[in-house]
Amino acid sequence: MQDFISIADIDRAKMEELFQLAADLKKDRNARQPLAGKTVAMIFHKPSLRTRVSFEVGIHELGAHPMYVTDAEIKMGQRESIYDIGKVLSRYVHGIMIRTFAHSNCTELADAADVPIINGLTDLNHPCQIMGDILTCIEHGKDPSGMVVAFIGDGNNVANSWVNAAGNLGFELRIGGPSGYEPNAALLEAARAKGATVNIINDPSEAVAGADVVYTDVWASMGQEDEASERRKLFMPYQLNTDLVSRAKHDAIVLHCLPAHRGDEITDDVMDGRHSVVFDQAENRLHAQKAVMVDLMGA
Ligand code: CP
Ligand code: NVA
């Protein structure tokens with residue numbers, strides 16, 4: 001890979017290779033330092049716990065130096081252009097992770113930079129999240145080609161990356177959410193053109209029925225905070241609660257990318273219940289991203 005910007009840019013074989021590498025790296029976190037002597041910059045336009053910390057720890061464990069570059073200092077696109085930032089950073093560092101609003105910020109940076117760019121979340125997608133998510137599914141005995149995934153809630157960046165993954169891996173993806181909040185139409189079309197089964201099902205019970213994996217995300221994403229109360233009313237029928245999750249398979253797993261708004265999109269009894277593997281999932285961000293970085297920047 002040259003960059004890691006969207007799951008749609010890679011294929012099934014590359015995903016499988018990355019899952020295997022992530023599993024190997026997870027066995028002994030400090031066994032290998034293939035990025036020794038390198039530096040990876042991390043730019044954040046939005047808040048983060050998991051992405052910030054898992055990248056910083058992962059870069060350190062791979063032998064490289066993680067450099068947090070705040071946008072308060074560099075003011076991307078205001079103090080200087082994205083193009084110039086990409087060119088300048090490429091003279092210092094060996095890779096750049098960026099979390100930003102417009103997806104074009106990420107692709108413009110990749111076009112300018114001479115070093116690999118990793119998408120740590122944009123308004124359009126969140127590919128690192130889905131790599132950790134599917135690694136978690138595999139660890140919990142799910143077949144990434146045969147499983148049924150019910151994504152319940154907002155068809156935003158995380159859902160969009162699940163759509164991309166369905167296009168590559170061939171599992172059945174059901175999107176259960178209110179009309180008007182479906183995933184990106186172009187990404188849906190592209191996944192279906194690759195043969196993916198992605199169904200939009202407005203009834204949450206129907207969407208979850210018999211699923212192997214039940215997933216949710218916040219109802220108001222970063223940047224949509226003003227819409228939170230309006231969205232809460234609209235999305236409440238899609239809350240992951242015990243009743244809804246009981247419609248999935250007996251051995252279904254519940255995933256949430258986190259941060260969770262307990263009591264909104266997921267109840268405490270589901271988040272802390274027997275189906276939930278959300279903290280395994282959060283941990284797997286670390287291992288999956290280390291695999292991505294080894295592939296992009298390893299010696
Ligand atoms: N899931 C995730 O990306 O979490 P953060 O926003 O805390 O990085
Ligand atoms: N959809 C959420 C994901 C957070 C990891 C957001 O963009 O805020």
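Just so you know, ligand 1 is whichever comes first in the structure, and atom 1 is the first atom listed for that ligand. Because the structure is a prediction, the values reported are computed rather than measured.
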Give me the residue, atom name and distance of the protein heavy atom closest to [atom].
| atom | answer |
| --- | --- |
| atom 4 (O) of ligand 1 | Arg50 NE, 2.7 Å |
| atom 8 (O) of ligand 2 | Met222 N, 2.8 Å |
| atom 2 (C) of ligand 1 | Arg285 NH1, 3.3 Å |

**OP:** Before signing off on this row, confirm whether Asp217 and ligand 2 have an N or O atom pair separated by under 3.5 Å.
**Re:** yes

Subject >> Lys290 and Asp295: CA distance, side-chain angles, deciding distance, salt bridge (charged side-chain N to carboxylate O under 4.0 Å, His left out) verdict >> reply: CA-CA 9 Å; Lys290 284 173 74 178; Asp295 187 288; over 6 Å; no

**OP:** Just let me know how Asp154 lines up against ligand 2, side chain, backbone, both or neither, with a heavy-atom cut-off below 4.0 Å.
**Re:** neither

Original post:
Closer than 4.0 angstrom: is that true for some heavy atom of Arg99 and an atom of ligand 1?
Top reply: yes

**OP:** Mind checking whether Leu121 contacts ligand 1 via backbone (N, CA, C, O), side chain (CB onward), both or neither, at a 4.0 Å heavy-atom cut-off?
**Re:** neither

**OP:** Could you see which bit of Gln129 sits under 4.0 Å from ligand 1, with heavy atoms only: side chain, backbone, both or neither?
**Re:** side chain

Ligand 1 atoms in contact with [X] (distance to a heavy atom under 4.0 Å):
| X | answer |
| --- | --- |
| His126 | 2 (C), 3 (O) |
| Cys257 | 1 (N) |
| Leu49 | 5 (P), 7 (O), 8 (O) |

Does a salt bridge link [X] with [Y], judged by any charged N lying under 4.0 Å from a carboxylate O?
| X | Y | value |
| --- | --- | --- |
| Arg192 | Glu189 | no |
| Arg232 | Glu230 | no |
| Asp243 | Arg247 | yes |

**OP:** Kindly indicate, with the supporting measurements, whether the criterion salt bridge (charged side-chain N to carboxylate O under 4.0 Å, His left out) is fulfilled by Lys87 and Asp114.
**Re:** CA-CA 7 Å; Lys87 287 291 173 207; Asp114 306 307; 3.3 Å; yes

Ligand 2 atoms in contact with [X] (distance to a heavy atom under 4.0 Å):
| X | value |
| --- | --- |
| Leu258 | 5 (C) |
| Ser221 | 1 (N), 2 (C), 6 (C), 7 (O), 8 (O) |
| Asn157 | 1 (N), 2 (C), 6 (C), 7 (O) |

Do [X] and [Y] get their side chains close enough for a donor-acceptor pair, meaning under 3.5 Å?
| X | Y | answer |
| --- | --- | --- |
| Asn119 | Asn125 | yes |
| His287 | Glu283 | yes |
| Lys26 | Asn284 | yes |

Subject >> Leu258-ligand 1 polar pair, N/O distance under 3.5 Å >> reply: yes

**OP:** Could you say whether the N/O atoms of Arg52 and ligand 1 ever approach to under 3.5 Å?
**Re:** no

Subject >> Gln2 CD: over 12 foreign heavy atoms closer than 6.0 Å >> reply: no

**OP:** Go through the steps to decide whether Asp280 and Thr136 satisfy the test side chain to side chain donor-acceptor pair (under 3.5 Å), and finish with yes or no.
**Re:** CA-CA 7 Å; Asp280 292 347; Thr136 310; over 6 Å; no

